[in-house]
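Here, residue 1 is the first one in the sequence, and each next residue gets the next number. Just follow the structure's listing: the first ligand is 1, and inside any ligand the first atom is 1. Heavy atoms only: backbone and side chains are in, while hydrogens, waters and symmetry mates are out. Since the structure is predicted, the reported quantities are computational estimates derived from the model, not experimental observations.
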Amino acid sequence: MKITLVAGARPNFMKIAPIIREIKKTAIHNPELKYRLVHTGQHYDDTMSGNFFRQLEIPEPNINLCCKGSSQAEQTASIMMGFEKDLILNKPDLVLVVGDVNSTMACTITAKKMNIDTAHVEAGIRSGDMTMPEEINRMITDAISDLYFTTSTMATETLIKENISEDKIHFVGNTMIDTLLQQMKRIQKPSNWSDIDTRIKGYLLLTLHRPSNVDDPIKLQILFDIIHQNAEGYDIIFPIHPRTRKNIETFGIETYDIKMIAPQGYLEFMFLLSNSIGVITDSGGVTEEATVLNIPCITLRNTTERPETVVIGTNELVGDEPLYLAQFMSKMLNGNWKKGGIPEKWDGKAAERIVSIIQDKYANNFQPEKEVEMTETI
Ligand code: UDP
């Protein structure tokens, strides 16, 4: 059986790493299980891509599609064009995508139009916010996939409500957490830690990159104002996403004494997160990691596609109401945070379950090779 795995952007790499490790382990006893790794090139530089491959020991991709385009449509089209060629040449039995980035949706559509089965890891999560590009990616991917791997029973229920047949859905846990648990013993200080660590009192970690927070200059400035005004003298460390840096520079945002550092490698980011007093973020992945590490987490969004991080974990949705952000920062800095628990099956074994299910489902798909061709347009 041949599986093509797709990864394109930073949040994909920690989700795909444990799946590749598990496939390699399984292939020792089952050499017919073969994989091909396609990097779409959505994130391309070392800080957002290369470093994650090295730190998480992800093998070199078999191909990088080097997708182009600055708009959503250009990027999606470019990924689809490159991926179609790769599928024609390599004819997999299954395409496996993770998460909710443009590559996830683009590669699912491309494969399905060539009658190739697709599996979606992290299926069924929904924010209900159709202004998020990720929500559209999630819904389209889940509307047409063949196999669904979910991180929660809530995600499974969502898929059932959307009329996906239950035998296609598998609640397996969270591959992002597989990576976290595997890598915790290797976390390391950022290389410029002595510059960062000027005070011993403690620090808050900040990450921001969603268009809803960083594309409007007034909103972005207000966020910095409130965070600065309510930090109670604690340091704020902000590994800054390239998109956010660009906007801060273009808009001339006042960032006060917030310590802006380059995007961190995975091991350094986990060091910063696990040693922080709390994190203020608009990332989905960070809310899951903070939950497992029992670190207080403020999410600067009105909705989340990961409700278990709020109901069970340490996450609080604060939206964009300045008063709430100030109140929650005060709770965080004064140690008045709720106690969190760990969601079911976030136990480091999600990838093991995924590969075992794929093996069972496709046990009969070893040879002969499927005919895969470009379907004609109408
Ligand atoms: N991350 C990292 N370095 C950073 C910021 C984030 O390694 O400087 C990791 C972290 O594990 C996080 C993941 O990247 O969970 C996803 O980040 P991002 O916010 O880009 O994506 P999202 O979760 O919002 O889809």
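Lys345 and Asn174 are not linked by any side-chain donor-acceptor pair at a separation below 3.5 angstrom, with hydrogens and angles left out of the test.
Annotation: ligand 1 has protein neighbours Arg10, Pro11, Met14, Phe52, Met176, His209, Arg210, Pro239, Pro263, Gln264, Gly265, Tyr266, Phe269, Met270, Ser283, Gly284, Gly285, Val286, Glu289, each with a heavy atom less than 4.0 angstrom from the ligand.
Listed by chain and residue number, nothing satisfies the salt bridge (charged side-chain N to carboxylate O under 4.0 Å, His left out) test with Lys189 (two or more places apart in sequence, or in another chain). Qualifying salt bridge (charged side-chain N to carboxylate O under 4.0 Å, His left out) partners for Arg186, counting only residues two or more places apart in sequence or in other chains: none.
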Please tabulate, for side-chain N and O atoms in residues 224-231, each donor-acceptor pair with protein atoms closer than 3.5 Å (sequence neighbours left out).
{"from": "Asp225", "atom 1": "OD1", "to": "Gln221", "atom 2": "NE2", "distance (Å)": "2.8"}
{"from": "Asp225", "atom 1": "OD1", "to": "Tyr256", "atom 2": "OH", "distance (Å)": "2.5"}
{"from": "Asn230", "atom 1": "ND2", "to": "Ile226", "atom 2": "O", "distance (Å)": "2.8"}

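A salt bridge does not link Asp178 with Lys15: every distance from a Lys NZ or Arg NE/NH1/NH2 to an Asp or Glu carboxylate oxygen is 4.0 Å or more.
Relative orientation of the Phe13 and Phe52 rings is tilted, given thresholds of 30° and 60° on the angle between their planes.
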